[in-house]
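Read through the structure below, which is laid out as structure tokens, and then see the notes.
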Amino acid sequence: MIGNLDLMTLQQIWWLLVSVVGSLFLFLTFVQGGQSLLWQVAKNDTEKALVINSLGRKWELTFTTLVLFGGALFAAFPKFYATSFGGAYWVWILILFTFIVQAVSYEFRKKTGNLYGAWTYELFLFINGSVGILLIGAAVGTFFTGSNFILNDYNQVSWMNSLLGLEAAFSLFNLSLGLFLVFNARVLGAMYLVNNIDFAAMPEFESRMRRSCMVNFLCSLPFLLYILVSLVVIQGYGVDENGVVAMVAFKYFKNLAAMPHVLVMLLAGLLLVIWGVVLTSLKGGTRGIWFGGLGTVLVGLTVFFLAGYNNTAFYPSKVDLQSSLTIYNASSTHYTLTVMTYVAMVIPFVLAYIAYVWKLMDARKIGISDVTGDKAY
Amino acid sequence: MNELDLAMVNWAKAQFALTAMYHWLFVPLTLGLSVLCAFMESIYVRTGDERWRSITKFWMTLFGINFAIGVATGIILEFEFGTNWSNYSWMVGDIFGAPLAVEGLVAFFLEATFFAVMFFGWDRVSKRFHLFSTWMVAVGANLSALWILVANSWMQHPVGMDFNPVSARFEMQNFWEVLLSPVAIAKFTHTTTSSFIVGSLFVITISSWYLLKGRHVEMAKKSVIVASVFGLLSSGMTALTGDQSAVVNSETQPMKLAAYEGLYTGTRNAGLVALGVLNHDKKPGDDADPFHFEVKLPSMLSLLAKHDANAFVPGIDDLVWGNEAEGIIGVDAKMKRGQQAVEDLTNYKQALNSGDEAAAEMSLTRFDVNKGYLGYGYLDAPVDAVPPVETAFYSFHIMVMLAAFFILIFAAFLYYSMKDTLEHKKLVLGGGFISFFLAMLASQAGWVVAEVGRQPWVIQDMMPVHIGASNISAGNVQTTFVMFAVIFTLLLLAEIKIMVQQIKKGPEGV
């Protein structure tokens, strides 16, 4: 069946799969959100240990999802992978750097002989949760605001801005998206920790956590509003039937109008996040993360769908419109996409065992007895 | 195609070597120790003996410390293809990206998901599910090795693909050929089994230290038995797959084989150099003796590489300048055809741009004749096809000699364990103590043979390394080189210190 799909369908399927992986990553940034909250919500060593150990059972899922996101883009849209990583060099290098230092921090933080002290590793976690997520947001923002590259006849990229990608962080739109993701990650982080930690006999710790969910949500709102309003009014990068790219007024608004299901997803996603915040901060519930998480996935999908579908260039070039990348000109061949689609059929199994293990491991909340002794992070 | 800044290319090569070698300090241990932990836990579950549970948990703790830094050094490699080698990424992304994505999907998630159970699930899941999780971590780790090695093998021996002149890239034609290429099979089996040796020697080294100090004697003795049996079996497999690698090399990368054997002039009944000192002033094509000193096993190279003592094994000179009698085309002839291919490709592109379909058609027909030599068109001189012979030669011989030493170590440890006199054999324990460090050296040397030995190619015969780099200035790559060198070194130092502290604490500390 998959073998009979035409190239365009496969390209759209792969943009969908990449969008799903990217959006799941945004949900899983609750780990990074929790990391950046650490110093704020945890006031003593026990509280810190609870936060770190709770996040420490999940950080690898987030990390692996990011790796898969990169791998899926490489396999399905290699021209994007080559153009963006090889051109917007510094933004990606810095993002990676924050993930390198994250990867050792859980394991090393409390170990005897870690040389640099627990504080250093907590700083690494904070940098990953703040700078790392901010730059990811800025990089995703360029899907809408465009970048500065030219591709030659052989599709070799020349980056036309000497900041090599870091210029992305100096656009108000990109910066807003980055900050929104940082605050949203913190909202999710607080929701997850409320769900995962046994706060018995620590009411202050619990209320601090619940309050921070609301505070960070309120902080995220101005950036969210700016992004939404911008998306409705800005020009976008449209592609005509001959593959010619041109600036189109109200392009993303038109995309929403052309794909009403995306509009529904966006609204549903926002409402779910708000409900998750209400549950966590006002109603004393512990299940906010599931609403906040699903909401984030839906909003994430909206962002990727607006950027890639409906004849839109998802990785546009400001300096040479015709170098812009679309899901049609940046993809792998029909053959490779077909093979990859067969492979992608394992995704439900992977999700199923992750969910099963998650449920099994989190059947009992993490309490003080779990974070004492050498078995803990 | 744009020629790139050579300083940038060299820094990008250095950075790749740096990050790959750092990563490879931790990976073989992850591969080997994950399986050993799974064995030990299986013994615990079968016997119900709590001592095995504590032994398992001790080795698992060390596994965890090592695993974290392996992950940290690994993520950069996946993205480095894009950042430093963007032309490469575009030109082969259609083939090379797929195994990387599959690796993430089917292997990394297994590791990541079950790792949490393995470490924090002792009192949260059943005994059997915990054992299952430990095995899943081992399977996941080794599966991830499979996919990245398939990708690497494709670079060494590009199969199942064709060059598409319209998109100017290589495109996949047959996934099974890529996955099941003989190079991939040899590389995967050789890499994993040799990593099992590294893991086993890690256990041997630490156990030797305990036995020499007279501490945790029971745990050390029990661990040694598991490690030496597993190590001995793995050594046998490593030797077999190593021979298979040489056979495959002789077919697909004869220049690499000639380089790591220091063979300049091809011959029948070629001897295998068991030991030798290369003549540093020897150049391809001159009459100087390649060796100051050598010990050769007659006909063994022909026998091992071609499974025929009488077979001709080509030397560097035969491969560079050709050997008509043996039907070998030289690099000089291949370069002419490669240059023609590059010219036809350029003409084809220009004709397409100017809308001259007839000219485009003609250029394409001509291109098709020589496209198998495309990479040679980017070489400047025939000797550019010769890799650094000394590096390849010494790395190869160090690897092989150490591998032989490891077999002795495993055999001695097993023998004296069986006689229960191991703790009194100070010399054997001393040898055991240094063996892990030698194993790291051997494992690194193996990759040096594989990667330095295939220079100048990033894709054998199709694409020299300098064509694959990104179009950015050398200063950027220099800066990130220093960044990674500093952070990886700082993290390595912390890792070693933590590891040593944990070993000093012993099994009571976990």
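The structure displayed is predicted, hence computed values, not measured ones. Naming: A, B, ... by sequence-line order, numbering from 1 per chain.
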Please look at A:Ala344 and chain B and tell me whether the side chain, the backbone, both or neither of the residue comes under 4.5 angstrom of a heavy atom of that chain.
backbone
Sort out for me which of B:Gly82, B:Gly104, B:Pro99 touches chain A most, counting heavy-atom pairs under 4.5 Å.
B:Gly82
A:Tyr377/B:Phe120 aromatic ring centres below 6.0 Å
yes
Exercise: identify the closest heavy-atom pair between B:Ala98 and A:Met340:
CB-SD, 3.5 Å
Taking all atoms of both residues into account, what is the closest heavy-atom pair of A:Gly86 and B:Ser470, and its distance?
CA-OG, 3.9 Å
Below 4.5 Å, heavy atoms only, C-beta onward: do A:Tyr116 and B:Leu490 meet side chain to side chain?
yes
Any side-chain heavy-atom pair from B:Val117 and A:Met361 closer than 4.5 angstrom?
yes
Spell out, as yes or no, whether a donor-acceptor pair under 3.5 Å connects the side chain of B:Asn87 to the backbone of A:Gln156.
no
Select one option (side chain, backbone, both, neither) describing which atoms of A:Ile95 are under 4.5 Å from chain B's heavy atoms.
neither
Under a 3.5 Å distance rule, please check whether A:Glu60 uses its side chain to pair with a backbone N or O of B:Thr113 as donor and acceptor.
no
Please tell me whether B:Phe114 and A:Tyr353 form a close aromatic pair, meaning their ring centres lie under 6.0 Å apart.
yes
Per-residue tally against chain A (heavy atom, under 4.5 Å) across B:Leu493, B:Thr480, B:Val500, B:Val92 peaks at B:Thr480
Identify which part of B:Met499 has an atom lying under 4.5 Å from any heavy atom of chain A, answering side chain, backbone, both or neither.
neither
Is there side-chain contact between A:Leu164 and B:Asn476, with at least one heavy-atom pair below 4.5 Å?
yes
Do you know which of A:Trp59, A:Phe63, A:Phe74, A:Phe80 has the most heavy-atom pairs with chain B at a distance under 4.5 angstrom?
A:Phe74
With a 4.5 angstrom heavy-atom cut-off, could you sort out which part of B:Tyr88 is near chain A: side chain, backbone, both or neither?
neither
Counting heavy-atom pairs under 4.5 Å to chain B, which of A:Thr83, A:Val157, A:Val350, A:Leu96 comes out on top?
A:Leu96
Keeping the roles fixed (side chain from A:Thr64, backbone from B:Ala112), state whether a donor-acceptor pair exists under 3.5 Å.
no
Tell me which of these, B:Thr479, B:Leu100, B:Asn353, B:Ile498, has more heavy-atom pairs under 4.5 Å with chain A than the rest.
B:Ile498
Set out, in order, the CA-CA distance, both residues' side-chain angles and the distance that settles side chain to side chain contact (heavy atoms under 4.5 Å, CB included) for B:Val71 and A:Phe99, then state yes or no.
CA-CA 10 Å; B:Val71 172; A:Phe99 279 87; over 6 Å; no
Does the side chain of A:Thr112 pick up a donor-acceptor pair with the side chain of B:Lys505 at under 3.5 Å?
yes
Minimum heavy-atom separation for A:Glu107 to B:Ala68, with atom names?
CB-CB, 3.7 Å
Against chain A, label B:Leu110 side chain, backbone, both or neither, depending on which of its atoms sit under 4.5 Å from a heavy atom there.
both
Any idea which of A:Leu73, A:Val346, A:Leu360, A:Ile347 has the most non-hydrogen atom pairs under 4.5 angstrom with chain B?
A:Leu360
Apply side chain to side chain contact (heavy atoms under 4.5 Å, CB included) to the pair B:Val106 and A:Phe349, showing each step before the final yes or no.
CA-CA 10 Å; B:Val106 308; A:Phe349 295 98; over 6 Å; no
Please rank B:Ala116, B:Gly74, B:Gly93 by heavy-atom pairs under 4.5 Å with chain A and give me the top one.
B:Gly93
Compare all side-chain heavy atoms of B:Thr83 with those of A:Trp90 and state whether any distance is below 4.5 angstrom.
no
Apply side chain to side chain donor-acceptor pair (under 3.5 Å) to residues A:Lys79 and B:Ser167 and explain how you reach the verdict.
CA-CA 11 Å; A:Lys79 202 193 277 185; B:Ser167 54; over 6 Å; no
Hey, does A:Val357 have a side-chain heavy atom less than 4.5 Å from the side chain of B:Phe129?
yes
Go through A:Gly70, A:Gly87, A:Ala72 and name the one with the most non-hydrogen pairs under 4.5 angstrom from chain B.
A:Gly70
Answer yes or no: is there a donor N or O on one side and an acceptor on the other, between the side chain of A:Arg364 and the main chain of B:Arg124, under 3.5 Å?
no
As an exercise: rank A:Val21, A:Ile100, A:Leu337, A:Asn329 by heavy-atom pairs under 4.5 Å with chain B and give me the winner.
A:Ile100
Heavy-atom closest pair, residues A:Asp153 and B:Lys349
O-NZ, 3.6 Å
Would you check if the side chain of A:Tyr335 reaches a backbone N or O of B:Phe175 as a donor-acceptor pair within less than 3.5 Å?
yes
Give the member of B:Glu80, B:Glu171, B:Arg169, B:Glu103 that has the highest number of heavy-atom pairs under 4.5 Å with chain A.
B:Arg169
Which region of A:Tyr356, side chain (C-beta onward) or backbone (N, CA, C, O), has a non-hydrogen atom less than 4.5 Å from a non-hydrogen atom of chain B, or is it both or neither?
side chain
As a quick check of understanding, evaluate side chain to side chain contact (heavy atoms under 4.5 Å, CB included) for B:Ile65 and A:Lys111, giving each step before the final call.
CA-CA 9 Å; B:Ile65 297 164; A:Lys111 288 273 191 306; 4.0 Å; yes
Run the numbers on A:Tyr89 and B:Asn84 for side chain to side chain donor-acceptor pair (under 3.5 Å), then give the verdict.
CA-CA 8 Å; A:Tyr89 189 80; B:Asn84 288 351; 3.0 Å; yes
Does the side chain of A:Leu66 come within less than 4.5 Å of B:Ile75's, by heavy atoms?
yes
Contact part of B:Gln173 toward chain A, heavy-atom cut-off under 4.5 Å: side chain, backbone, both or neither?
backbone
I need the residue from A:Ala103, A:Gly165, A:Ser331 with the largest number of non-hydrogen atom pairs under 4.5 Å to chain B.
A:Ala103
Around B:Lys497, counting heavy atoms of other residues, nucleotides and ligands shown, do more than 12 lie under 6.0 Å from its NZ?
no
Side chain proximity check, A:Leu68 to B:Phe109, heavy atoms < 4.5 angstrom
yes
Side-chain heavy atoms of B:Trp90 within contact of A:Tyr81, under 4.5 Å:
no
Heavy-atom pairs under 4.5 Å with chain A are the metric here; pick the option from B:Val125, B:Ile487, B:Leu491, B:Leu105 that has the most.
B:Leu105
Rounded at 0.5 Å granularity, tell me how far OG in A:Ser84 sits from CZ in B:Phe79.
10.5 Å
